There are 2 protein chains.
Amino acid sequence: MTSRLEALCMEKGLKMTGQRRVISQVLSEADDHPDVEEVHRRAVQIDPRISIATVYRTMRLLEDAQVIERVDLGDGRARYEEATADHHHHLIDTRTGRIIEFASPELEAMKERIAHELGYKIVGHRLEIYGVPLDDAGDDAQDEEERP
Amino acid sequence: MTSRLEALCMEKGLKMTGQRRVISQVLSEADDHPDVEEVHRRAVQIDPRISIATVYRTMRLLEDAQVIERVDLGDGRARYEEATADHHHHLIDTRTGRIIEFASPELEAMKERIAHELGYKIVGHRLEIYGVPLDDAGDDAQDEEERP
DNA sequence: ATCATACTGAAAACCGTTCGCAATCCCAGA
DNA sequence: TCTGGGATTGCGAACGGTTTTCAGTATGAT
Ligand SMILES: [Mn+2]
Ligand SMILES: [Mn+2]
Ligand SMILES: [Zn+2]
Ligand SMILES: [Zn+2]
């Protein structure tokens with residue numbers, strides 16, 4: 001079964017190897033923001049003969065082909081998600097690591113206006129918010145159990 | 001002559017060694033966003049017996065003491081600036097690497113509102129804009145000379 | 001089916017950063 | 001001022017994520 005990303009890759013004229021097919025499948029099925037090791041872990045479950053080096057190479061290939069997008073969430077490694085038509089940003093729950101996606105046309109417009117006022121045209125931008133749930137925002141301990 | 005940052009360090013009760021004094025001076029005099037190697041380069045000019053490891057250690061110390069702030073501008077390394085009362089963000093000129101600082105209370109408020117609507121209290125955030133000057137925004141070649 | 005070419009796996013290199021350790025320094029107290 | 005001992009330093013090794021090298025393999029145009 002040819003995955004969404006695999007189809008995209010073929011459209012772009014990329015040579016389709018077995019490992020690229022598997023990685024495309026993994027990324028098509030992912031609904032989170034896996035890092036390279038995680039993609040490798042999932043890929044190996046489908047076909048054990050995929051090396052981490054190939055995953056790194058393929059991620060870059062797909063990124064350059066605009067099929068996936070690199071996401072920098074502040075931990076040391078690169079995370080990825082399928083490239084979508086609609087631009088969004090991430091709110092990271094620092095307690096759980098949960099990632100919430102959001103989009104804000106007003107915010108985008110404001111950012112555009114700011115750059116323009118400074119005499120610049122935007123070619124890229126990055127925005128992440130780190131937060132804790134409002135409910136238990138009072139206790140700001142760094143390591144604590146959930147209440148029983 | 002005791003630098004601004006050196007005074008701050010003493011207030012915080014940090015042991016003041018020769019190399020910490022030099023690094024504090026370098027950072028006090030900097031009006032840009034140097035990375036660790038750059039700080040080391042400048043420090044060595046004042047006192048050649050400062051190792052890069054000590055610069056790394058001292059940057060972390062000063063960061064933990066809230067005397068300086070780490071800035072992530074997207075290139076692989078950590079950059080630093082003196083901690084100031086007024087929060088700001090950076091617009092990076094992708095042509096020249098020039099960094100323009102800006103602040104926007106409206107933008108901050110909007111970001112706060114977004115997080116709140118998602119049920120979160122912000123504990124940190126990151127925003128950088130990458131752009132090119134409006135003047136020569138038309139030609140988007142990656143490597144080109146200034147016009148003569 | 002053939003063949004040039006692009007791709008792969010494994011290991012080494014890379015790059016920014018941190019760590020382990022023995023030597024040295026700083027400074028509170030005498 | 002002199003000291004003792006914990007903190008700090010320099011050096012090199014280790015680290016973690018990523019890229020590269022290279023010899024062998026697979027791909028897809030012919
Ligand atoms: Mn996302
Ligand atoms: Mn700044
Ligand atoms: Zn945006
Ligand atoms: Zn802000």
Side-chain angles (χ1 to χ4, degrees), chain A residues 2 5-7 9-27 33-65 67-80 97, chain B residues 2 5-7 9-26 33-65 67-80:
Chain A
T2 122
L5 258 59
E6 184 183 339
C9 287
M10 296 182 74
E11 276 180 40
K12 305 238 177 187
L14 301 179
K15 184 190 266 193
M16 284 317 294
T17 67
Q19 18 293 72
R20 286 185 186 173
R21 246 181 286 274
V22 171
I23 293 168
S24 295
Q25 183 190 334
V26 166
L27 293 170
H33 302 82
D35 60 27
V36 171
E37 277 197 48
E38 182 58 32
V39 173
H40 181 235
R41 217 171 287 131
R42 297 180 193 177
V44 161
Q45 259 166 272
I46 302 175
D47 180 346
R49 69 180 131 189
I50 294 182
S51 78
I52 187 86
T54 294
V55 180
Y56 271 110
R57 276 189 286 242
T58 304
M59 299 310 277
R60 193 139 65 117
L61 181 82
L62 298 183
E63 189 188 355
D64 290 349
V67 171
I68 60 176
E69 275 170 18
R70 180 193 300 254
V71 183
D72 177 0
L73 297 184
D75 50 1
R77 57 228 127 133
R79 296 169 167 276
Y80 294 90
Chain B
T2 122
L5 257 59
E6 184 184 338
C9 287
M10 297 181 73
E11 276 180 40
K12 304 241 175 185
L14 303 179
K15 186 189 267 194
M16 285 316 295
T17 67
Q19 18 293 71
R20 286 184 185 174
R21 247 181 284 273
V22 171
I23 293 169
S24 295
Q25 182 189 335
V26 165
H33 302 82
D35 59 27
V36 172
E37 278 198 46
E38 181 59 32
V39 173
H40 182 236
R41 217 171 285 130
R42 297 178 193 177
V44 161
Q45 261 167 271
I46 300 175
D47 181 343
R49 69 179 130 188
I50 294 181
S51 78
I52 188 85
T54 294
V55 179
Y56 271 108
R57 276 190 285 241
T58 304
M59 299 310 279
R60 193 141 63 121
L61 182 83
L62 297 183
E63 189 187 354
D64 291 348
V67 171
I68 60 176
E69 274 171 19
R70 183 193 297 255
V71 183
D72 178 0
L73 298 184
D75 50 2
R77 58 228 125 135
R79 295 169 167 276
Y80 293 91

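Just so we're clear, the structure is a prediction, and the values are computed from it rather than from any experiment. Just so we're on the same page: letters track the sequence lines, and every chain starts at 1.
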Problem - Considering all heavy atoms, the nearest A43(A)-V22(A) contact - result: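 Heavy atoms only, the tightest pair is O-CG1, 3.6 Å.
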Exercise for the section: Might you point out which heavy atoms bring L14(A) and A65(A) nearest each other, and give the distance in Å? Expected result: CD1-CB, 4.3 Å
Tabulate protein N/O versus nucleotide N/O from nucleotides 21-23 of chain C, keeping only pairs under 3.5 Å, one per line.
none

Practice task
Could you pull out all residues at least two apart from M10(A) that satisfy side-chain contact (heavy atoms from CB on, under 4.5 Å)?
Solution key: E6(A), M16(A)
Handout entry: Counterpart residues, side chain to side chain donor-acceptor pair (under 3.5 Å), relative to E37(A) (two or more places apart)
Key =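 For E37(A) there are no side chain to side chain donor-acceptor pair (under 3.5 Å) partners, ignoring immediate neighbours.
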Short heteroatom pairs, N/O only, protein and nucleotides 25-28 of chain C, under 3.5 Å:
unit_1: dC27(C); atom_1: OP1; unit_2: M16(B); atom_2: N; d: 3.3

Practice task
Just call it for I52(B): base, sugar-phosphate, or nothing, with non-hydrogen atoms closer than 4.0 Å on any strand.
Solution key: nothing
Exercise for the section: Would you write the dot-bracket representation of DNA chain C, where each base gets (, ), [, ], | or . depending on whether it forms a Watson-Crick or G-U pair under 3.5 Å and with which partner? Expected result: ||||||||||||||||||||||||||||||
Handout entry: Residue among R77(B), H40(B), R41(B) satisfying side-chain hydrogen bond (donor to acceptor under 3.5 Å, both in side chains) with D35(B)
Key =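 So the option named by the test is R77(B).
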Set of residues satisfying salt bridge (Lys or Arg N to Asp or Glu O under 4.0 Å) with respect to [X], sequence neighbours excluded:
| X | result |
| --- | --- |
| D64(A) | none |
| D47(B) | R49(B) |
| E69(B) | none |

Handout entry: Verdict with reasoning, R79(A) to E38(A), per side chain to side chain contact (heavy atoms under 4.5 Å, CB included)
Key = CA-CA 9 Å; R79(A) 296 169 167 276; E38(A) 182 58 32; over 6 Å; no
Handout entry: Boundaries of the DNA chain D segment in contact with chain A, non-hydrogen, under 4.0 Å
Key = dG17(D) to dG28(D)
Practice task
Check each residue of residues 34-42 of chain A for a non-hydrogen atom within less than 4.0 Å of any atom in DNA chain C, then write out the ones that pass by number, or none.
Solution key: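 Those residues whose heavy atoms fall under 4.0 Å from DNA chain C, taken from residues 34-42 of chain A, amount to none.
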Practice task
Give, ordered by number, those residues of residues 67-77 of chain B having at least one heavy-atom distance below 4.0 Å to an atom of DNA chain C; if nothing qualifies, reply none.
Solution key: R77(B)
Problem - Basic-acidic side-chain contact under 4.0 Å: R70(B), D72(B) - result: no
To the nearest 0.5 Å, what is the distance between [atom1] ([X]) and [atom2] ([Y])?
| X | Y | atom1 | atom2 | answer |
| --- | --- | --- | --- | --- |
| R42(B) | I23(B) | CZ | CD1 | 13.0 Å |
| Q25(B) | I46(B) | CD | CD1 | 4.0 Å |
| L5(A) | K12(A) | CG | NZ | 10.0 Å |
| Y80(A) | E63(A) | OH | CD | 5.0 Å |

[X] [atom1] to [N] [atom2], straight-line distance once rounded to whole Å:
| X | N | atom1 | atom2 | value |
| --- | --- | --- | --- | --- |
| Y56(A) | dC15(C) | OH | C1' | 13 Å |
| L61(A) | dA6(C) | CG | C1' | 11 Å |
| R60(A) | dC7(C) | CZ | C1' | 14 Å |

Could you tabulate the donor-acceptor pairs under 3.5 Å formed by side-chain atoms of residues 53-61 of chain B, not counting sequence neighbours?
unit_1: T54(B); atom_1: OG1; unit_2: S51(B); atom_2: OG; d: 3.3
unit_1: T58(B); atom_1: OG1; unit_2: T54(B); atom_2: O; d: 2.7

Exercise for the section: For the residue pair R20(B) and C9(B), establish whether any side-chain heavy-atom pair is separated by less than 4.5 Å. Expected result: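 The answer is no; the side chains never approach within 4.5 Å.
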